[in-house]
Colleague: 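Handing you this structure, nothing more for now.
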Protein chains: 2
Amino acid sequence: MSFDDFDLDHIPSNAHRLYRLIHDLYVVVDAGDRDVLEPFGLTPSQYRVLVLLDADYGQRLITLSDRLLVARSTITRLIDQMEHAGWVHRVDDPSDRRAQHVALTPLGLTLRNQAYAAHEHSIEDRMGVLGERDQQRLIDFFLRMRAALRNRIIESDSQKK
Amino acid sequence: MSFDDFDLDHIPSNAHRLYRLIHDLYVVVDAGDRDVLEPFGLTPSQYRVLVLLDADYGQRLITLSDRLLVARSTITRLIDQMEHAGWVHRVDDPSDRRAQHVALTPLGLTLRNQAYAAHEHSIEDRMGVLGERDQQRLIDFFLRMRAALRNRIIESDSQKK
DNA sequence: CCCGAACTGTTGCGAGCGCAACAATAGTAT
DNA sequence: ATACTATTGTTGCGCTCGCAACAGTTCGGG
């Protein structure tokens with residue numbers, strides 16, 4: 001892996017530069033996440049699950065897959081790992097015998113809080129490259145883009161049906 | 001998969017909102033890419049390789065892995081696929097008998113040009129959600145962030161050594 | 001009540017990718 | 001020249017993830 005190819009001069013249009021930057025930014029942000037979470041023995045996927053849980057009711061598996069936009073089978077296997085690690089436990093849902101919910105163990109709660117604090121701190125640090133004003137403006141841009149792109153995907157999905 | 005969980009109100013800080021948006025944007029952009037490339041029988045990875053090639057010398061495998069930030073083995077297998085599909089062919093490098101380069105076949109060149117045109121058009125379309133002025137401002141933000149984050153990763157890499 | 005449709009979670013399978021080890025080749029220091 | 005090291009590409013292995021099929025359960029229309 002190298003980070004040499006980061007000049008945008010040869011790219012034909014601003015639209016294309018923007019496109020490339022979205023991709024590149026994701027790559028460096030993800031790499032930063034892995035650095036932060038690795039000392040806790042957590043992958044980004046496991047972390048995202050952990051953050052959605054609590055020590056009480058927790059969440060149903062189907063809720064987790066909906067929230068994280070991953071397949072149900074992925075959640076099944078993530079929870080398998082995390083249960084084996086002693087961070088979470090499955091509980092049958094008495095009101096719906098198909099369903100289970102997943103809640104944090106004491107160990108999982110501790111891990112969640114520590115990892116969350118470290119991750120939040122890291123985000124503040126990394127995103128702090130931009131001042132609060134610029135961050136706000138960037139969020140506005142992103143919201144407009146994401147809304148538009150999302151609609152386009154949903155449209156093409158419904159066309160497939 | 002659903003796109004329901006897109007509100008940012010519960011997120012604690014602007015830095016964190018920004019972080020989430022980078023991730024979300026990547027997801028919708030990637031999904032859009034797959035839609036565009038699927039009619040050509042191309043995955044995003046194959047497309048990225050194709051764009052870097054030409055019908056003359058092409059590129060060495062190591063160059064491709066450097067430019068695309070993927071492992072050498074990934075390139076080996078991508079080229080295997082694309083050679084089998086008849087889009088590219090390997091040529092031994094006479095000046096370095098360890099190396100090969102990969103060049104487009106006539107079929108590959110045609111595919112590359114068609115897919116590139118379709119992808120460029122799609123990018124213009126999708127990024128065009130923002131006007132030219134906003135795009136330019138966004139690029140400036142991104143460049144600052146990417147530069148800062150990149151340096152941070154390179155620093156932590158060198159610390160590991 | 002009952003039958004078919006929808007939903008929840010699990011499993012098998014395959015695609016994609018990174019890492020480590022390897023053979024072949026090239027570069028370099030003595 | 002020799003020996004040591006670096007580089008190029010390939011392969012085996014393991015991990016992550018999505019899709020399709022499945023069993024068990026719930027829901028709704030007749």
Side-chain angles (χ1 to χ4, degrees), chain A residues 1-2 4 23 26-27 30-31 33-35 37-38 41-49 57-85 88-103 157 160-161, chain B residues 1-2 4 23 26-27 30-31 33-35 37-38 41-49 58-85 88-103 153 157 160-161:
Chain A
M1 296 265 281
S2 91
D4 291 339
H23 183 269
Y26 172 81
V27 171
D30 186 64
D33 282 354
R34 287 179 190 279
D35 278 355
L37 297 173
E38 190 263 325
L42 285 169
T43 65
S45 293
Q46 291 170 343
Y47 175 74
R48 281 191 282 270
V49 170
Y57 182 88
Q59 298 286 347
R60 288 168 57 165
L61 297 184
I62 189 76
T63 308
L64 294 173
S65 82
D66 284 347
R67 297 278 296 271
L68 297 176
L69 304 180
V70 297
R72 291 197 302 276
S73 57
T74 301
I75 295 295
T76 294
R77 281 182 276 248
L78 278 174
I79 298 301
D80 284 349
Q81 294 170 4
M82 296 169 70
E83 194 167 29
H84 186 260
V88 303
H89 58 117
R90 286 176 164 92
V91 182
D92 288 337
D93 188 325
S95 72
D96 183 341
R97 291 168 57 200
R98 294 171 303 184
Q100 305 171 2
H101 48 260
V102 182
D157 269 358
K160 284 174 189 168
K161 295 169 189 170
Chain B
M1 299 264 278
S2 90
D4 290 338
H23 183 269
Y26 172 82
V27 170
D30 186 65
D33 282 355
R34 288 179 187 278
D35 279 356
L37 297 174
E38 191 263 325
L42 285 169
T43 65
S45 293
Q46 292 170 342
Y47 174 75
R48 281 190 282 269
V49 170
Q59 297 287 346
R60 288 168 58 165
L61 297 184
I62 188 77
T63 308
L64 293 173
S65 83
D66 283 347
R67 298 278 296 272
L68 297 176
L69 305 181
V70 297
R72 291 196 303 274
S73 56
T74 301
I75 296 294
T76 294
R77 282 181 274 249
L78 278 174
I79 299 301
D80 286 347
Q81 294 170 3
M82 296 169 70
E83 196 168 27
H84 187 261
V88 302
H89 58 117
R90 284 176 166 92
V91 183
D92 287 338
D93 188 325
S95 72
D96 185 339
R97 290 170 57 201
R98 292 171 303 184
Q100 306 170 0
H101 48 261
V102 183
I153 289 172
D157 271 357
K160 283 174 188 167
K161 295 169 190 170

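Values below: every heavy atom of this structure, side chains too, minus hydrogens, waters and symmetry copies. Below, chains carry the letters A, B, ... as their sequence lines are ordered, and counting in each starts from 1.
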Colleague: According to side chain to side chain donor-acceptor pair (under 3.5 Å), who are the partners of A:D30, at least two apart in sequence or on a separate chain?
Modeller: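 With sequence neighbours excluded, A:D30 shows a side chain to side chain donor-acceptor pair (under 3.5 Å) to A:R34, given in chain and number order.
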Colleague: To the closest 0.5 Å, what do you measure between CG (B:L61) and OG (B:S73)?
Modeller: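 Going from CG on B:L61 over to OG on B:S73, the span is 11.5 Å.
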Colleague: Nearest-Å distance, CD1 (A:I79) to P (C:dT8)?
Modeller: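 Rounded to whole Å, this separation is 16 Å.
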Colleague: Using atom CZ of A:R67 as one end and atom P of C:dT8 as the other, report the distance to the nearest whole Å.
Modeller: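 Result: 15 Å.
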Colleague: May I have the distance from A:R48 (atom CZ) to D:dT16 (atom P), rounded to whole angstrom?
Modeller: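 So the two atoms are 13 Å apart, to the nearest Å.
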Colleague: Walk along nucleotides 5-10 of chain D from 5' to 3' and tag each nucleotide B, S or - by protein heavy-atom contact under 4.0 Å, base first, then sugar-phosphate.
Modeller: -BBBBB
Colleague: With the criterion being N/O to N/O and under 3.5 Å, what pairs connect the protein with nucleotides 14-16 of chain C, and how long is each?
Modeller:
unit_1	atom_1	unit_2	atom_2	d
C:dG16	OP2	B:Q81	NE2	3.1

Colleague: If the condition is ring-ring contact (aromatic ring centres under 6.0 Å, His included), which residues does A:H89 pass it with, not counting sequence neighbours?
Modeller: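 Once residues adjacent in sequence are excluded, A:H89 has no partner under the ring-ring contact (aromatic ring centres under 6.0 Å, His included) criterion.
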Colleague: Taking side-chain contact (heavy atoms from CB on, under 4.5 Å) as the test, write out the residues that go with A:Q46, two or more places apart.
Modeller: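 For A:Q46, the residues satisfying side-chain contact (heavy atoms from CB on, under 4.5 Å) (neighbours in sequence not counted) are A:L42, A:T43, A:L78, A:Q81, A:M82, A:W87.
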Colleague: Measure CG/A:L64 against P/C:dT10 and give the value in whole Å, please.
Modeller: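 Going from CG in A:L64 over to P in C:dT10 covers 11 Å.
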Colleague: Using Watson-Crick pairs (N1 to N3, plus N6-O4 or O6-N4) and G-U wobble pairs, both distances under 3.5 Å, which stems of at least 3 pairs involve DNA chain C?
Modeller: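 DNA chain C forms these stems: C:1-30 with D:1-30.
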Colleague: With sequence neighbours left out, write down each residue that passes side chain to side chain donor-acceptor pair (under 3.5 Å) with A:Q59, or none if nothing qualifies.
Modeller: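 For A:Q59, no residue satisfies side chain to side chain donor-acceptor pair (under 3.5 Å) once neighbours in sequence are set aside.
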Colleague: Please identify each residue that fulfils ring-ring contact (aromatic ring centres under 6.0 Å, His included) with A:Y26, with sequence neighbours left out.
Modeller: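 Applying ring-ring contact (aromatic ring centres under 6.0 Å, His included) to A:Y26 gives B:H23, B:Y26.
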Colleague: The criterion is side chain to side chain donor-acceptor pair (under 3.5 Å); which residues satisfy it with B:R98, sequence neighbours excluded?
Modeller: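 Counting only residues at least two positions away or on another chain, B:R98 forms a side chain to side chain donor-acceptor pair (under 3.5 Å) with B:D96.
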Colleague: For A:Q59 and C:dT8, give me the distance from atom CD to atom P, rounded to whole Å.
Modeller: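 Whole-Å distance recorded here is 14 Å.
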Colleague: List in chain and number order the residues that pass side-chain contact (heavy atoms from CB on, under 4.5 Å) with B:R72, two or more places apart in sequence or in another chain; answer none if no residue qualifies.
Modeller: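 By the side-chain contact (heavy atoms from CB on, under 4.5 Å) rule, B:R72 matches B:I62, B:S65.
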Colleague: By salt bridge (charged side-chain N to carboxylate O under 4.0 Å, His left out), which residues pair with A:D93, not counting sequence neighbours?
Modeller: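 By the salt bridge (charged side-chain N to carboxylate O under 4.0 Å, His left out) rule, A:D93 matches no residue at all.
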Colleague: About how many Å separate CG of B:D66 and CD1 of B:I75, when rounded to the nearest 0.5 Å?
Modeller: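 These two atoms lie 9.5 Å from each other.
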Colleague: Does anything in residues 74-83 of chain B form a salt bridge (charged side-chain N to carboxylate O under 4.0 Å, His left out)? List the pairs, not counting sequence neighbours.
Modeller: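 Of all non-adjacent pairs touching residues 74-83 of chain B, those that pass salt bridge (charged side-chain N to carboxylate O under 4.0 Å, His left out) are B:D80-B:R90, B:E83-B:R90.
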